[in-house]
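Each ligand, and each atom within it, is numbered from 1 in the order the structure gives.
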Amino acid sequence: MSGESAFEGVLRQIDDSVPFEPGYYNESYLDRRITARMRRRGTDSHREYERLLREESDEREALMDALTINVTEFFRNPEMWEVLRTVLTDLTDEKRRVRVWSAPCADGREAYSLAMLACDDPDIDESRVEVLGSDISEEALENARAGVYHTTRTTDIAEELAPLSEPDRHVERDDDAFRVRDAPRRLVEFGTHDLISDGSRGPFDVVLCRNLLIYIDTDHKGSLFDTLEASLAEGGVLVVGMTESVPPGRTDGYEPVDKRRRVFRRR
Ligand SMILES: C[S@@+](CC[C@H](N)C(=O)[O-])C[C@H]1O[C@@H](n2cnc3c(N)ncnc32)[C@H](O)[C@@H]1O
């Protein structure tokens with residue numbers, strides 16, 4: 001296409017043939033993920049990579065995986081979970097039904113962490129807790145629904161579950177495989193949702209939106225935040241990732257519950 005750089009050609013090809021909207025994400029993020037795939041395919045030419053994407057469905061799938069990096073952990077940033085423990089204790093004291101949204105949930109570990117925490121802590125009434133986990137990646141959601149996680153060379157599931165007082169009550173262990181037990185599983189539902197284009201859900205008492213905002217282009221952060229805000233109940237709690245923040249123009253709408261742990265309450 002005339003006037004188009006080779007990199008833009010790759011982005012157009014993604015737009016045309018991969019279920020991913022490159023325009024939402026910041027360029028440095030897209031560049032890093034695409035370059036990583038090009039290296040794997042042994043090419044440093046964007047034109048050549050554009051051709052590979054056009055012709056090979058396997059490459060389109062591999063790039064989709066690379067673009068929706070599903071890196072996550074149980075109880076990621078454990079200090080934040082101590083704040084959430086208190087939030088959930090208070091909410092289940094006050095309300096009959098406490099709705100929580102893990103958006104995006106990747107392979108489900110954040111959503112199950114919420115459910116396990118509720119089942120584990122005697123001060124939280126888990127019968128009042130409902131968790132929705134959503135993501136745009138179907139593959140991640142399939143893994144989430146399966147609810148089985150493996151310790152590998154780089155991931156120690158037992159260590160990730162350390163914030164629980166009795167992990168064995170919540171997961172069934174078979175060597176390196178950890179299967180989420182029925183009690184926490186019953187509290188969680190999973191579904192597809194695009195945080196930029198699918199609009200609001202809820203209302204939720206707690207919304208976790210962690211480790212996605214950092215990849216989103218400034219122009220689209222606004223619509224993502226509109227979705228989050230419209231999904232929060234009055235006085236609801238919003239949690240963002242440890243390197244993320246509420247956009248400058250919107251901070252008046254929130255009071256910090258714990259600023260350092262990125263937990264805020266909607267005014
Ligand atoms: C790094 S993971 C974060 C998972 C979890 N919240 C955490 O902090 O561990 C980012 C997730 O965002 C998902 N994602 C990317 N764009 C999205 C969008 N527009 N709407 C919903 N989820 C999206 C990806 O598929 C990926 O699973």
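Screening R267, R250, R266 against E229 for a salt bridge (Lys or Arg N to Asp or Glu O under 4.0 Å) leaves a single residue, R250.
Protein heavy atom at the shortest distance from atom 7 (C) of ligand 1 is R76 NH1, 3.2 Å. Among all non-hydrogen protein atoms, the one lying nearest atom 9 (O) of ligand 1 is T72 OG1, 2.6 Å. Summary of contacts: the protein heavy atom closest to atom 23 (C) of ligand 1 is I136 CG1, 3.4 Å. For atom 3 (C) of ligand 1, the closest non-hydrogen atom on the protein side is R210 O, 3.5 Å. For atom 15 (C) of ligand 1, the closest non-hydrogen atom of the protein is L212 CD1, 3.4 Å. Ranking the protein heavy atoms by distance from atom 8 (O) of ligand 1 puts N211 ND2, 2.8 Å first.
Taking distance alone, with nitrogen or oxygen atoms compared against 3.5 Å, D194 approaches ligand 1 more closely than that limit. Considering backbone and side-chain atoms together, P104 places an N or O closer than 3.5 Å to an N or O of ligand 1. Checked against a 3.5 angstrom limit, the closest N/O atoms of L195 and ligand 1 fall inside it. The shortest N or O to N or O distance between Y25 and ligand 1 is under 3.5 Å.
Within 6.0 Å of atom CD in E234, 12 or fewer heavy atoms from other residues, nucleotides or ligands are found, so the atom counts as exposed in its surroundings. Annotation: E21, atom CD; neighbour count of heavy atoms from other residues, nucleotides and ligands within 6.0 Å is above 12.
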Check against ring pair (Phe, Tyr, Trp, His ring centres under 6.0 Å), Y24 and Y29: CA-CA 11 Å; Y24 294 165; Y29 168 69; over 10 Å; no
Set out, in order, the CA-CA distance, both residues' side-chain angles and the distance that settles side-chain contact (heavy atoms from CB on, under 4.5 Å) for T155 and H150, then state yes or no. CA-CA 8 Å; T155 310; H150 294 87; over 6 Å; no
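Evaluated by nearest non-hydrogen atom to atom 13 (C) of ligand 1, the leading choice among D135, I216, T192, L208 is D135.
Against a heavy-atom cut-off of under 4.0 Å, H193 is close to the following atoms of ligand 1: 20 (N), 21 (C). Those atoms of ligand 1 that come under 4.0 Å of a heavy atom in S137, given as number and element, are 25 (O). Close contacts of ligand 1 with E110, meaning ligand atoms under 4.0 Å from a residue heavy atom, involve 5 (C), 6 (N), 7 (C), 8 (O).
R210 and N77 share a side-chain donor-acceptor pair at under 3.5 Å. With 3.5 Å as the limit, one finds a donor-acceptor pair spanning the side chains of E59 and Y49.
In summary, R260 and E79 do not engage in a salt bridge, as defined by a charged side-chain N under 4.0 Å from a carboxylate O.
A 4.5 Å side-chain heavy-atom check between F204 and E130 finds every atom pair outside the cut-off. Under the 4.5 Å side-chain criterion, counting only non-hydrogen atoms from C-beta, F75 is in contact with L164.
Residue A106 touches ligand 1 through backbone and side chain together, judged by heavy-atom distances below 4.0 Å.
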